[in-house]
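Residue indices begin at 1 and follow the sequence shown. Because only heavy atoms are used, hydrogens play no part in the values below, and waters and symmetry mates are left out as well, while side chains stay in.
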Amino acid sequence: MNVLITGGAGYIGSHTCVELLNAGHAAIVVDNLANSSAAALKRVERIAGKEVAFYEGDVRDEALLDRVFDERDIDCAIHFAGLKCVPESVSKPMEYYDNNINSTLTLCRVMARRGVKRLVFSSSATVYSAQNAMPLSENSVTGDCTNPYGWTKYISERLLTDIAAADGEWSIALLRYFNPIGAHESGLIGEDPRGIPNNLMPYISQTAVGRRDELTVYGSDYDTKDGTGVRDYIHVMDLAKGHVAAIGYLLEHRGAAAFNLGTGKGVSVLEMVEAFQRANEVAVPFRFGPRRPGDVATCYADASRSEKLLHWRAEKTLEDMCRDSWHWQRLNPQGYGE
């Protein structure tokens with residue numbers, strides 16, 4: 001299949017491109033490079049031994065998308081493109097609503113005109129209410145989000161669900177990610193955030209490699225086993241394989257369906273720091289800082305529905321995640337900037 005991947009040069013997008021190419025699909029990427037690097041796609045080509053078609057531009061540019069559909073025989077789309085920093089969304093809500101929702105609307109308009117109605121949507125566990133008991137299943141309460149980023153994902157899910165309800169030809173998978181970390185085992189591609197990382201693993205690995213003096217652990221007084229936030233960390237390559245599995249599901253099913261992609265295990269910040277130090281025999285100095293706006297204490301998945309319907313489950317261990325993250329950072333101390 002010819003798969004359009006919006007945001008395909010980003011962290012999760014680039015790793016998914018590898019899995020798509022390995023599975024025999026063609027990858028057509030649209031990315032504005034706001035939080036990504038074209039170098040990642042060149043490295044994807046090295047890993048997979050196949051070419052990636054790349055269009056630089058914003059998914060909200062309807063004329064650009066029309067050109068892509070004119071030039072490529074698109075069969076399916078995976079929609080990654082969007083802003084994704086929880087604390088930043090609190091301070092810049094207008095940018096997040098504009099980017100994340102309008103990109104989804106524009107993509108769906110173009111797809112509908114072209115009769116291409118298979119879509120995998122990059123959603124998030126932030127769509128779930130903080131009032132839910134753990135673990136979170138797809139039937140847990142959504143909405144009542146704690147930050148604008150979560151609301152943009154929730155609204156986009158609602159939009160896509162309504163589109164599928166109005167037109168029975170659509171097949172849409174809403175993939176609710178938990179916390180992707182790690183890198184491709186080659187060390188050629190990995191997570192390379194701009195500025196001080198907002199996600200835990202790149203902050204840990206950049207501290208270990210000497211780019212940061214110390215890790216700041218945001219919050220030490222949560223109602224958790226050690227006072228730090230607990231999350232469900234999933235290896236990015238497991239997550240990438242989940243997208244390939246979702247495409248297979250769309251070929252056999254109509255309508256919109258949500259799926260959790262996680263391991264089902266909660267790991268605290270301090271446990272992650274300890275695991276990274278142990279796996280890689282490297283020190284990670286840290287200090288405690290205040291809680292960040294929009295963060296919750298605990299979040300982990302019940303991913304049994306994905307195992308049953310997508311025939312997918314996370315396979316890589318916490319040690320794999322820590323080792324592959326460090327391998328990427330050690331080989332690329334300045335990320336793609338080198």
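Electrostatic pairing of Glu271 and Lys265 does not count as a salt bridge here, judged by no charged N lying under 4.0 Å from a carboxylate O. Comment: Lys92 does not engage Asp98 in a salt bridge, judged by the lack of any side-chain N to carboxylate O separation of less than 4.0 angstrom. Between Asp320 and Arg323 a salt bridge is recorded (basic side-chain N to carboxylate O distance below 4.0 Å).
Judged purely by distance below 3.5 Å, without hydrogens or angles, the side chains of Glu88 and Tyr96 pair a donor atom with an acceptor atom. In this structure, a donor-acceptor pair under 3.5 Å is present between the side chains of Arg176 and Tyr128. For the residue pair His253 and Ser171, no side-chain donor N or O sits within less than 3.5 Å of a side-chain acceptor on the partner. Side-chain contact check for Asn139 and Ser137: no donor-acceptor pair (N or O, by modelled atom type) lies under 3.5 Å.
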Query - Verdict with supporting geometry, Ile78 and Leu175, side chain to side chain contact (heavy atoms under 4.5 Å, CB included) - result: CA-CA 10 Å; Ile78 302 177; Leu175 302 188; over 6 Å; no
Query raised in the report: Under the side chain to side chain contact (heavy atoms under 4.5 Å, CB included) criterion, do Met201 and Met272 qualify, and how do the steps go?
Result: CA-CA 8 Å; Met201 184 54 81; Met272 180 61 77; 3.6 Å; yes
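Under a 3.5 Å cut-off, the side chain of Ser103 and the backbone N or O of Asn100 do form a donor-acceptor pair. Looking at Asn280, its side chain never comes within 3.5 Å of a backbone N or O of Trp326 through a donor-acceptor pair. Judged purely by atom type and a 3.5 angstrom limit, Gln329 uses its side chain to pair as donor or acceptor with the backbone of Asn332. Proximity of a side-chain donor or acceptor of Glu191 to a complementary backbone N or O of Ile181 within less than 3.5 Å is not detected. A donor-acceptor contact shorter than 3.5 Å is absent between the side chain of Thr6 and the backbone of Val30. A distance-only check finds no donor-acceptor pair linking the side chain of Arg231 to the backbone of Phe178 [under 3.5 Å]. In this structure, Lys241 contributes its side chain and Ala314 its backbone to no donor-acceptor pair below 3.5 Å. The backbone N or O of Met1 lies less than 3.5 Å from a partner atom in the side chain of His25, making a donor-acceptor pair. No side-chain donor-acceptor contact under 3.5 Å links Tyr300 to the backbone of Tyr233. Checked by atom type and distance alone, the side chain of Arg291 never pairs as donor or acceptor with a backbone atom of Ala297 at under 3.5 Å.
Side-chain contact between Leu270 and Phe286 is present, with heavy atoms from C-beta onward closer than 4.5 Å. Contact check for Cys108 versus Ile163: side-chain heavy atoms found under the 4.5 Å cut-off. In this structure the side chain of Leu160 never reaches within 4.5 angstrom of the side chain of Trp170, judged on heavy atoms.
Cation-pi geometry between Arg305 and Phe259 is met: the NZ or CZ atom falls under 6.0 Å from the ring centre, inside 45° of the normal.
Heavy-atom contacts from other residues, nucleotides or ligands closer than 6.0 Å to CG of Leu251 number more than 12.
Lys84 contributes atom NZ, which lies 12.0 Å from atom OG1 of Thr126 (distance to the nearest 0.5 angstrom).
Note: Phe121 and His79 have tilted aromatic rings, judged against thresholds of 30 and 60 degrees for the angle between ring planes.
A continuous path of Ile, Leu, Val, Met, Phe, Trp and Tyr side chains, each step under 4.5 Å between heavy atoms, connects Ile234 with Val236, placing both in one hydrophobic cluster.
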